[in-house]
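Each remark here refers to the structure printed beneath this line.
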Amino acid sequence: RQLSCPVDIDRANAHFTRIYISLLPTEEENAKRKQLLTLLETLVGNEWPQAKLHVFGSCENSFGIINSDLDVCLSIDDENLDKSAFLLELAAVLKDGHLQNVEAVVRTRVPIVKFMDPSTGISCDISVNNYLPLVNTKLLRDYARLDGRLRQLALIVKHWAKSRGVNHPFNRTLSSYTYVLMCINFLQQREPVILPCLQAMLATYTTTVNGIECAFFDRVDEICHFGSNNESLSQLVWGFFNYWAYHHDYENDVVSVRTGSMLSKLSKGWETGKKDQKYTHFVSIEDPLDTTIDLGRVVDRKSIKILREEFERAAQIMQDDPQPWISLFETY
Ligand code: ATP
Ligand code: MG
């Protein structure tokens with residue numbers, strides 16, 4: 001469907017802005033997170049004095065919303081570390097420290113220990129020597145600093161995805177990280193553009209992690225107020241859902257923040273449903289740093305249908321509903 005943005009869309013702007021503000025983590029919550037981090041530093045430091053803790057994910061990338069979990073990477077200088085054995089030991093230390101629901105999940109690509117802190121109510125995942133997310137966290141945070149509308153749009157999209165039950169990689173829908181990348185790419189493709197492509201610019205930040213060279217422009221303060229696009233938050237919310245409902249070419253295109261454009265599935269070898277392929281690639285989003293990863297690979301035949309129906313529902317609401325700021329987030 002070719003739809004044009006409703007003429008009175010800006011009527012919704014104050015409402016979306018109000019919702020955005022209500023989603024921001026409170027000072028009190030940030031203080032509780034710091035308190036939990038200090039407790040963890042003490043527990044871990046007593047056992048492994050050389051270990052360091054680094055926070056990543058939504059607490060650090062500026063796309064956190066109220067009640068987000070805390071993602072922590074423990075770094076320990078030991079190339080031969082048996083991560084599973086270490087995480088089991090860590091789980092025992094955390095249990096002794098009176099943390100609740102402590103569970104080591106070690107049979108996954110990224111093994112973790114998860115738990116809940118009863119005194120703050122915060123849930124936390126700890127991984128070991130897992131450095132790439134620290135770099136993608138910085139990349140996302142640097143994008144957020146370029147234009148305030150990215151954070152606004154991404155928080156609205158995350159809130160929509162959580163409300164509608166389409167933000168669970170375990171249930172074959174997309175992760176928060178993936179939705180944020182979809183928002184960045186969407187703003188990179190606006191005309192006039194809202195976000196530049198930091199990885200295509202002169203690299204002022206470089207690091208190599210797991211053999212992957214990460215390089216991008218990170219002096220973002222020098223290019224704030226980039227461009228002349230004045231679209232409002234409600235126009236962008238309308239545009240985002242309209243794009244994913246009616247314009248994205250699911251069959252052929254790969255969303256690529258790394259290049260600020262779309263790549264072809266053919267060029268990546270990610271054709272939908274190709275034989276002898278590990279994944280079906282019903283929707284493809286390239287990880288900006290580990291470009292061998294399609295973050296959409298979790299989606300299957302059943303969940304792509306649900307996802308597309310949800311994008312269409314959201315687009316229709318943004319088009320026709322008199323109060324899109326309410327209907328969009330009706331819980332599923
Ligand atoms: P939420 O508020 O929902 O917890 P989040 O930003 O913490 O959002 P998650 O999807 O929980 O998002 O992921 C946490 C972090 O882990 C991300 O910010 C990202 O740095 C990293 N991450 C998640 N999935 C991947 C992945 N498939 N590949 C690389 N890094 C990832
Ligand atoms: Mg998280």
Side-chain angles (χ1 to χ4, degrees), residues 20 22-26 29-30 32-33 36-37 40 53-75 105 108-117 120-144 150-151 153-184 199 207 209-212 214 216 254-258 270 278-279 281 283-299:
Y20 161 72
S22 73
L23 292 170
L24 293 171
T26 60
E29 206 186 327
N30 291 338
K32 281 185 180 173
R33 279 216 189 77
L36 174 55
L37 194 65
L40 287 177
L53 298 181
H54 312 269
V55 177
F56 66 99
S58 61
C59 299
E60 209 40 46
N61 66 16
S62 69
F63 297 102
I65 63 177
I66 37 162
N67 303 325
S68 288
D69 60 352
L70 179 67
D71 299 295
V72 176
C73 163
L74 185 154
S75 70
V105 186
T108 45
R109 192 177 62 91
V110 181
I112 56 167
V113 174
K114 52 196 308 149
F115 64 86
M116 203 271 289
D117 172 28
T120 58
I122 296 172
S123 299
C124 178
D125 290 351
I126 305 185
S127 50
V128 203
N129 293 353
N130 173 33
Y131 297 115
L132 212 51
L134 300 181
V135 185
N136 67 38
T137 292
K138 173 175 165 56
L139 180 66
L140 264 48
R141 190 180 53 222
D142 286 341
Y143 269 113
L150 169 60
R151 191 180 185 202
L153 174 66
L155 261 51
I156 294 287
V157 169
K158 267 178 77 166
H159 180 43
W160 162 82
K162 286 178 196 288
S163 308
R164 301 300 300 167
V166 287
N167 180 211
H168 302 289
F170 290 135
N171 297 342
R172 313 218 141 266
T173 54
L174 304 171
S175 68
S176 297
Y177 173 59
T178 309
Y179 281 112
V180 174
L181 291 170
M182 287 156 69
C183 291
I184 295 174
Q199 288 170 281
T207 181
V209 178
N210 305 343
I212 297 172
C214 310
F216 52 92
V254 177
V255 170
S256 168
V257 165
R258 173 179 60 99
W270 291 348
K278 193 165 172 198
Y279 301 105
H281 305 289
V283 54
S284 290
I285 296 100
E286 180 194 56
D287 186 276
L289 301 177
D290 186 347
T291 57
T292 63
I293 289 188
D294 177 2
L295 295 164
R297 69 195 167 179
V298 290
V299 174

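Just follow the structure's listing: the first ligand is 1, and inside any ligand the first atom is 1. This structure is a prediction, so every number in the text was calculated from the model and none was measured. Worth knowing before you read on, the calculation uses all heavy atoms, side chains too, and leaves out hydrogens, waters and symmetry mates.
The protein heavy atom nearest to atom 20 (O) of ligand 1 is Asn136 OD1, 2.4 Å. From the protein, the heavy atom lying nearest to atom 18 (O) of ligand 1 is Gly57 CA, 3.2 Å. What sits closest to atom 16 (O) of ligand 1 on the protein, heavy atoms only, is Phe56 CE1, 3.4 Å. At the top of the distance list for atom 24 (N) of ligand 1, counting protein heavy atoms only, stands Tyr177 CD2, 3.8 Å. Nearest protein heavy-atom neighbour of atom 11 (O) of ligand 1: Asp71 OD2, 4.3 Å.
Applying the 4.0 Å criterion to heavy atoms of Asp287 picks out, from ligand 1, the atoms 28 (N), 29 (C). The distance from ligand 1 to the heavy atoms of Ser68 drops below 4.0 Å at these ligand atoms: 2 (O). Under a 4.0 Å criterion applied to the non-hydrogen atoms of Ser58, ligand 1 contributes the atoms 1 (P), 2 (O), 4 (O), 5 (P), 6 (O), 7 (O), 8 (O). Close contacts between ligand 1 and Pro133 involve ligand atoms 20 (O), 21 (C) [criterion: under 4.0 Å to a heavy atom]. Within the listing of ligand 1, atoms 3 (O) sit less than 4.0 angstrom from a heavy atom of Lys162. Counting the atoms of ligand 1 from 1 in the order shown, those under 4.0 Å from a heavy atom of Thr137 are 20 (O). Proximity to Asp69 (heavy-atom distance under 4.0 Å) selects the following atoms of ligand 1: 4 (O). Here is the list of ligand 1 atoms found below 4.0 Å of a heavy atom in Leu295: 26 (C), 27 (N).
Side-chain contact between Thr178 and Val298: absent, with no pair of heavy atoms (C-beta onward) separated by less than 4.5 Å. Put simply, the side chain of Val180 does not reach to within 4.5 Å of the side chain of Tyr143, judged on heavy atoms. When side chains are defined from C-beta on, Pro111 does not count as touching Val128, because their heavy atoms never get closer than 4.5 Å. In this structure, the side chains of Lys162 and Leu23 stay at 4.5 Å or more apart for every pair of heavy atoms. For the pair Leu295/Leu174, no side-chain contact is recorded, criterion being any heavy-atom separation below 4.5 Å from C-beta on. Here the side chains of Asp294 and Tyr279 are not in contact, with every heavy-atom distance at 4.5 Å or above. Side chains of Asp117 and Cys124 form no contact here, defined as non-hydrogen atoms less than 4.5 Å apart. No side-chain heavy atom of Val255 sits less than 4.5 Å from a side-chain heavy atom of Leu181.
Neither the backbone nor the side chain of Val180 has a heavy atom within less than 4.0 Å of ligand 1. Contacts between His168 and ligand 1 below 4.0 angstrom, taking non-hydrogen atoms only, are absent altogether. Residue contacts with ligand 1, taken as heavy atom pairs separated by less than 4.0 Å, do not involve Leu132 at all. When heavy-atom distances to ligand 1 are checked against a 4.0 Å cut-off, Asn61 comes that close only through its side chain, counted from C-beta outward. Under 4.0 angstrom from ligand 1, there are no non-hydrogen atoms of Phe63.
Of the possible donor and acceptor atoms, none in the side chain of Ser127 sits under 3.5 Å from a partner among the backbone N and O of Ile112. Distance alone, capped at 3.5 Å, places no donor-acceptor pair between the Asn171 side chain and the Thr173 backbone. Under the 3.5 Å distance criterion, the side-chain polar atoms of Glu60 are left unmatched by any main-chain donor or acceptor of Thr137.
Residue contact annotation: Lys138 has no non-hydrogen atom under 4.0 Å from ligand 1.
Note on the Mg ion (ligand 2): protein N, O or S atoms under 2.8 Å away count 2, no waters included.
The minimum heavy-atom distance between Lys158 and Ser58, with the atom names listed, is NZ-CB, 3.8 Å. Listed here is the closest heavy atom pair of Arg151 and Tyr20: CD-OH, 3.5 Å.
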Between Trp160 and Asn167, does the side-chain contact (heavy atoms from CB on, under 4.5 Å) criterion hold? Intermediate values first, please. CA-CA 9 Å; Trp160 162 82; Asn167 180 211; over 6 Å; no
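Looking at Ser176, Ser62, Cys73, Gly64 and measuring to atom 9 (P) of ligand 1, the nearest heavy atom belongs to Ser176.
In this structure, Ile184 CD1 and Tyr179 OH are separated by 15.5 Å, a value rounded to the nearest 0.5 Å.
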